[in-house]
Structure formats: C-alpha cells, structure tokens
Amino acid sequence: MTRIAVIGGGRIGEALIAGLLESGHAVRDLVVAEKFESRAAELASTYGILTTSISEASENADVIVLAVKPGDAESVVTEIAKTDLDGEREQLIVSLIAGVPTAKFEPKLPAGFPVIRVMPNTPMLVGEGVSVLAPGRYAKAEHLELVRTILSSVGKVVTVKENQLDAVTAVSGSGPAYFFLVAEAMVDAGVGLGLSRDVASALVVQTMVGSAAMLDRSDETPTELRYAVTSPGGTTAAAVRELESNGLRAAFFHALSAAKDRSTEMGITAE
Ligand SMILES: NC(=O)C1=CN([C@@H]2O[C@H](COP(=O)(O)OP(=O)(O)OC[C@H]3O[C@@H](n4cnc5c(N)ncnc54)[C@H](OP(=O)(O)O)[C@@H]3O)[C@@H](O)[C@H]2O)C=CC1
Ligand SMILES: O=C(O)[C@@H]1CCC=N1
C-alpha cells in the first residue's frame, strides 16, 4: 500500500486524513507531521494516526503531502530536502498549498524530484471533495495516476494545466465557503420571517442537499432547473428579481476574481 505523510495537520490536512481513513485507507500507511503539539495529540487520539517529525515522515513515505500555509511552504520544503529522499523508491511531493507554483519547490529539491500541485476542498472529509491536479515539470504520468487513485477515494478528480489553478482555487477550493455563507444567510432570513432556527436550518440544509443532488444527477443546466421552480408571477420570480437587482451575479464575479488574484499574490509572497 502507498505510504502517505501529511505535513501540516490543520483543517485541510485533517479533511484528507479523515476522508482517506473513511474510504478504507489503512491507518498504518498514514502519518502526520504537525508542529502544534496539542493539535498533533488531538489527531493521534481522534484517528489513531502516528504523529512524527517532518524528516521521519518524509524519509518513510511514498507520497509527501504538503498541507501547511503558504508562508510555511519554503521552510517545510527546505526541511524535506535535507532528509534522505529516496530516488529509487520514486517518492513524490503533493502540494495542497494555495497559490504556490511547483516551480518554487522544484529547485529546492533533488534534481528531477516530482511535484504535483493539487487544489482540494474540504468536502473530501465526507468523500465528496473535488481535487484538481496539475503536474509539475518532473511529474510523470505514473505519478499523476498514483495521486489520482489516492484522491479519487475522497471525491472527484480533475486535471488541468498549472496556470489554471488560481482560477480553480477561486471556484472549488474556496467554493464550499460560498455555499456555507448562502446557507447561513438563508437561515437568518428564515428566522427573520418567524421560523425557529432549528426549523430554518433543517429546511436550508435539506434544500441544499436536494438541489446539489439534482445538479449532479440531472442532464439539465442550473438555469433549466431554476426555471422549473419559477412559476409565472410567483414567489420564486419575486425572490430572484430581488437577488438579481441586488447584484448577485456581479458579487460572485468580483468575489471569485478577488480569490483568484489573492491566490496568485500568495504564490508571489510565499518566498
Ligand atoms: N482549508 C481549506 O479549505 C483549503 C486549504 N488549502 C491549503 O491547505 C493549506 C493548509 O490550510 P488549512 O488547513 O486551512 O490551514 P491550517 O492553519 O488549519 O493548517 C496548517 C497546519 O500546518 C501546521 N504547520 C505549519 N508549519 C508546520 C511545520 N513546519 N510542520 C508541521 N506542521 C506545520 C500549522 O501549525 P501552526 O498553526 O502551529 O502553525 C497548522 O496546524 C494552505 O496552504 C491552504 O492554502 C487548500 C485547499 C482548501
Ligand atoms: O482560503 C484559503 O486561502 C484556502 C485555499 C482554498 C480554500 N482555503
């Protein structure tokens, strides 16, 4: 079995660990290096996972996953590069770090060491993530296939050119937060209309789950699905008119542009 070391046991590191274990990955084939000691202890007790140092994790793993913040990227990769990396065993690095290009890592590693950049999202915690892969300069087809196999156990996998990853980050990396914000706003609005918070939450969550399932399973576009809810002169038309006149589409366009620009900027400043 492929041995995976997760460097950084924060939110996305934990989502990956939990998703892999849930999908049947053996805990003995996973380790985590997390510098915040009480967090490392929490992960060990929740998942039974071995916690270790970056050097030990890197020496023994087939796949080294970087799940630290962009500002920690350089020091972590430098520490990994100091360890006894094994060219024979075809180790590779998978970076989940937003914004930071593979070209920033490659010169710090032994010549030709493969790096794959991935933009995952937190729904991988429940096996419903989407991971978008972009191979670095030295990653071969078999490396990409290995990473695709691992990540397909926690959701869907898509491959793009690396120059599209900042846009991908804006859409699917940050995307869950937009839906959570919409859910929060709808619950608050329901409470404002006199529903209890429990009832409003239950209605919003199930409406989101049902709508997502329709989007996933139907051949119809989001527009066609929306038309089917919109009775002429009815309640939906009244609500959608308000959302549009309050600039919903423009707000999303500006929001995603800001996320993409921020991703690019994080790649530049993470030196
Ligand atoms: N959260 C998300 O939805 C997504 C996040 N990402 C990317 O994943 C990365 C992590 O994000 P997120 O999980 O949200 O952030 P967190 O802050 O929750 O997690 C990062 C973790 O890494 C730890 N860490 C930092 N340096 C080291 C080190 N040298 N050795 C071991 N552990 C270290 C941090 O510890 P400490 O706090 O003590 O510094 C922290 O616990 C980011 O680069 C982000 O861009 C990508 C897609 C989605
Ligand atoms: O907010 C962030 O920067 C990270 C990257 C995508 C999701 N979370």
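Ligands are counted one by one from 1 in listed order, and the atoms in each one are counted from 1 as well. For this chain, numbers begin at 1 and follow the sequence in order.
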Given Glu34, Glu14, Arg11, Met124, which one has a non-hydrogen atom that is nearest to atom 34 (C) of ligand 1?
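Nearest option to atom 34 (C) of ligand 1, by heavy atoms: Glu34.
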
Quick test of your reading of the structure: of Gly173, Ala170, Pro120, whose heavy atom lies closest to atom 6 (C) of ligand 2?
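Minimum heavy-atom distance to atom 6 (C) of ligand 2 goes to Gly173.
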
Does any N or O atom in [X] lie less than 3.5 angstrom from one in ligand 1, N or O only?
X     : answer
Ile97 : no
Ile12 : yes
Glu79 : no

[X], portion touching ligand 1 at heavy-atom distance under 4.0 Å:
X      : result
Pro70  : both
Ala98  : both
Thr169 : neither
Ser174 : neither
Asp72  : side chain
Val76  : side chain

In Å, rounded to the nearest 0.5 Å, how long is the span from [atom1] of [X] to [atom2] of [Y]?
X      : Y      : atom1 : atom2 : answer
His25  : Ile4   : NE2   : CD1   : 3.5 Å
Glu42  : Glu14  : CD    : CD    : 6.5 Å
Phe179 : Ser211 : CZ    : OG    : 10.0 Å
Leu109 : Leu92  : CG    : CG    : 11.0 Å

Those atoms of ligand 1 less than 4.0 Å from some heavy atom in [X]:
X      : answer
Thr122 : 3 (O)
Phe36  : 38 (O)
Ala33  : 31 (C), 32 (N)
Ile54  : 29 (N), 30 (N)
Pro120 : 46 (C), 47 (C), 48 (C)
Ala67  : 9 (C), 10 (C), 20 (C), 22 (O)
Leu96  : 6 (N), 7 (C), 8 (O), 46 (C)

Have [X] and [Y] got a donor and an acceptor in their side chains that come within less than 3.5 Å?
X      : Y      : result
Asn121 : Ser172 : no
Glu220 : Tyr227 : no
Arg137 : Thr102 : no

Check the pair Phe105 / Val76 against side chain to side chain contact (heavy atoms under 4.5 Å, CB included), numbers first and verdict last.
CA-CA 10 Å; Phe105 299 134; Val76 165; over 6 Å; no

Identify, for [atom], the protein heavy atom at the shortest distance, and state residue, atom and that distance.
atom                    : answer
atom 1 (O) of ligand 2  : Ser174 OG, 4.5 Å
atom 22 (O) of ligand 1 : Gly8 CA, 3.3 Å
atom 3 (O) of ligand 2  : Met266 CE, 4.0 Å
atom 37 (O) of ligand 1 : Lys69 NZ, 3.7 Å
atom 4 (C) of ligand 2  : Ala98 CB, 4.8 Å
atom 24 (N) of ligand 1 : Val68 CG1, 3.7 Å
atom 19 (O) of ligand 1 : Gly10 CA, 3.1 Å
atom 36 (P) of ligand 1 : Lys35 CE, 3.8 Å
atom 47 (C) of ligand 1 : Met119 SD, 3.3 Å

Can you name the closest pair of heavy atoms from Leu20 and Ser153 and give their distance?
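Closest approach of Leu20 to Ser153, heavy atoms only: CD2-OG, 3.5 Å.
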
For Ile80 versus Ser58, what's the shortest heavy-atom pair and its separation?
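So the minimum-distance heavy-atom pair works out to CG1-OG, 3.6 Å.
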
Has Ser218 got a side-chain atom pairing as donor or acceptor with Leu215's backbone, closer than 3.5 angstrom?
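Not confirmed, Ser218 side chain does not pair with Leu215 backbone.
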
Backbone N or O of Ala98 within a donor-acceptor pair of the Ser263 side chain at under 3.5 Å?
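Side chain of Ser263 to backbone of Ala98: no pair is present.
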
Is Gln164 atom CD crowded by more than 12 heavy atoms from other residues, nucleotides or ligands, each under 6.0 Å away?
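Yes, enclosed.
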
Any chance you could lay out the side chain to side chain contact (heavy atoms under 4.5 Å, CB included) test for Leu66 and Leu96, step after step, and finish with the verdict?
CA-CA 6 Å; Leu66 309 183; Leu96 310 185; over 6 Å; no

Between Thr122 and Arg11, does a side-chain hydrogen bond (donor to acceptor under 3.5 Å, both in side chains) hold up when you go through it step by step?
CA-CA 8 Å; Thr122 53; Arg11 283 143 326 160; over 6 Å; no

Before accepting this row, confirm whether a basic side-chain N of the pair Asp188/Arg197 lies closer than 4.0 Å to the acidic partner's carboxylate O.
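Yes, this pair counts.
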
Check for me whether Arg39 has a heavy atom closer than 4.0 Å to any atom of ligand 1.
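No heavy atom of Arg39 comes that close to ligand 1.
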
